[in-house]
Amino acid sequence: MLRYTVRRLGQLMLVVLALSVLLFAWLRALPGGPVSALLGDRATPESEAALRADLGLDQPIFLQYWRFVARALTGDFGTSTGVQRGTPALDVFLQRFPATLELAVLAILIAIAVGIPLGYLAARRRGRLLDNLSITWSLVGIAVPVFFLAFLLKWIFAVQLGWLPASGRQTGGIDATRVTGFYVLDGLLTQEWDAALDAFVHLLLPAIALSTIPFAVIFRITRAAVLDVLDEDYVRTARSKGLAGAVIRRRHVLRNAMLPVVTTIGLQTGALLSGAVLTERVFNIPGLGQALALGFERKDFPVLQVVILASAMTYVLVNLLVDLSYAAIDPRIRTR
Amino acid sequence: MALLEVRDLSVVFQRKGEEPFAAVDGISFDVSPGQMVGLVGESGCGKSVTSLAIMGLLPQRGVRVEGTVEFEGKDLLRLSDRELADRRGRDLGMVFQDPLSSVNPVIPIGVQVSEVLERHEGLRRREAALRSAELLDRVGIPDPSRRLKEYPHQLSGGMRQRALIAMALACKPRLLIADEPTTALDVTIQAQILSLLSELVRDTGTALIMITHDLGVVAGMCDEVNVLYGGRIVERAGRHELFAEPRHPYTAGLLASIPRLDAPRGDRLTPIRGSVADNIPWAGGCAFAPRCPNAVDACVERSPEMTRDGERLLRCHNPVGRPAPSEEVPVQ
Ligand SMILES: Nc1ncnc2c1ncn2[C@@H]1O[C@H](COP(=O)(O)OP(=O)(O)O)[C@@H](O)[C@H]1O
Ligand code: SF4
Ligand SMILES: [Mg+2]
């Protein structure tokens, strides 16, 4: 297991390295660039050239890349040129990361908490009302764009009904102490319950919007996996032993059915990151999604680089965790 | 009194948009306490469906089961799910064909044995584990206390089948159904598993229904043999009578197609011609007629009824050897 983990971490480094090369080249091949984004109409050939030299963009690209890597290894990812001009790109990332992570974690928790039980129940009541209703719901969840759903939720529950806040991470009047940058967690740590609750309430609508696609996928995979497992010979063996229904379901069906589901959950973190870009925009949450959107608009290479590389790393790490928990469930992998 | 009395058991599969299909078509047989009874026939003749019907393990939907299956005087087909589950694993055990897929891959072998004891004998986890180790030892699995913690993929096919036998016999059931327990195993392992099974059922006084497509398997162990064709019993006789003098052309065909050590060198085995795909419906004749070397006109005009000849039952218009006995057996 340890060797496996170490090998996977080695793979992670390779993935990030390869991605950094591609990303670096791709960003610089995009039309426009930080210089025209910064100078806009005021650009003169002289001012452009000066700014290019200032940003190091006049150097050959492999030299630029080399300098990027050398500095990155010391924790210096350059300075933001557009999102928060003058702030180190890494700080821009670190300030925004908690907002997105908080949102993504709540979204995936909702997707799991609803998707797995519902998928399980739908499989057991195959072809009946609950099954058909939840299949329809999951189809809608996949088909409706996150952006639209986010707007709809906001319009109904925030604007029309006024039950939940429409934007941001915390109500303005609340003067919460910051510890980690995760607002809900901060509130709990400092025992400022009002602040924690307020932050949580702010998260609800965006998290629900963001959870729909992962929910739909987790639901369908769970349902299909449970149906498969119910047909397995070992479930018949379990029944031939006269075991109680609850034991058969928990011990023999659910455990085996969770194997494909666990893998799916890992893959869904990718969907979460792209969904966060849209959700954060609708609910005006200062997270990574917003930084990405702004970064592309203003061609902020350092911020884009650090945000995208970190997101990719998160994705690969989450999937490593997923594989490890897969091994925890499946002895065929663990004891290989 | 018989331990198990199966009467006119029929299992009809009915899928939407398809003709109903009787996989088992009015089967009757008895099993006495401690008796070993064979159920023999080619693949697809309804052996597994019969055993699943007795155990109440058929799919819930799209199946119609008729007749009665009385176990110690109680009709299993009319028990509630709950009552049936109380009996499965305690009074009735079953060993399945494929030991690879019949054990749960993600649960230690020990738990899969212990759970039967916990369920039916109310044992605590520790006692159950001790008993499980004894059971594994009894079925010939070496180093049982270590094996308890192992997972199925760490055991060979033969070892897994031994573990499955341990599970099925853990609570000393009065009836064990073994559905082709050796078909998926190597030839050398097959013989070991068979002798283990007959030794165990003899020791515990458990009655056994041995299901197989191979007459050679029942030859060594069963007191009585039922030969199945197309969902019906076509011949029943004691082991010695059946092997000494097969009367039904299908039984004779099965016997001619098993390899024998005493056969003269160079003698080729003669398989039964055709396959079950050639069957005609029982309704207007004999299902075996298209493949039968003895077929006469009557065979495609009237369905042969079950007839009795001493202890032997026979369903044939033109049996091997002497003419058909005249005494019909209406409903036994
Ligand atoms: N669940 C099922 N649905 C429909 N037909 C089935 C089902 N199970 C078995 N059958 C059919 O019933 C017949 C007898 O099957 P089975 O009892 O498994 O044969 P075998 O004697 O080889 O064990 C076969 O034709 C098979 O296709
Ligand atoms: S009834 Fe006729 S076809 Fe059927 S087994 Fe007997 S002789 Fe052959
Ligand atoms: Mg079978």
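The sequence lines fix the lettering, A, B, ..., with proteins before strands; numbering per chain opens at 1. The structure presented is a predicted model; accordingly, all values stated were derived computationally and were not measured.
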Give, as side chain, backbone, both or neither, the part of B:L58 having an atom under 4.5 angstrom from any heavy atom of chain A. backbone
Can you tell me how far apart CD (B:E115) and NE2 (A:H252) are? Round to the nearest 0.5 Å. 3.5 Å
Would you say CZ of A:R126 has more than 12 non-hydrogen atoms from neighbouring residues, nucleotides or ligands within 6.0 angstrom? no
Of all the heavy-atom pairs spanning B:P105 and A:P331, show the shortest one and how long it is. O-CG, 3.3 Å
If you count heavy atoms of other groups shown closer than 6.0 angstrom to CZ of B:R78, is the number above 12? yes
Quick one, B:V106 with A:R332, criterion side-chain contact (heavy atoms from CB on, under 4.5 Å). Give me CA distance, side-chain angles, the key distance, then yes/no. CA-CA 8 Å; B:V106 305; A:R332 285 165 295 189; 4.1 Å; yes
Who wins among B:L92, B:L84, B:V116 for the most heavy-atom pairs under 4.5 Å with chain A? B:V116
What part of A:I329 lies closer than 4.5 angstrom to a heavy atom of chain B: side chain, backbone, both or neither? backbone
Contact class of B:E83 relative to chain A, heavy atoms under 4.5 angstrom: neither
So B:F96 and A:S240, do their side chains get closer than 4.5 Å, heavy atoms only? yes
Of the listed residues (B:G89, B:S102, B:P108), which shares the most heavy-atom pairs with chain A below a 4.5 Å separation? B:S102
Separation between CG of B:L57 and OG1 of A:T237, rounded to the nearest 0.5 Å: 9.0 Å
Just wondering, are more than 12 heavy atoms of other shown residues or ligands nearer than 6.0 Å to CZ in A:F200? no
Could you state the interatomic distance from CZ (A:R251) to CG (B:N104), rounded to the nearest 0.5 Å? 10.0 Å
List the steps, then state whether side-chain contact (heavy atoms from CB on, under 4.5 Å) holds for A:R239 with B:M55. CA-CA 9 Å; A:R239 294 214 286 140; B:M55 293 289 291; over 6 Å; no
Answer with side chain, backbone, both or neither: which region of B:E150 has an atom nearer than 4.5 Å to a non-hydrogen atom of chain A? neither
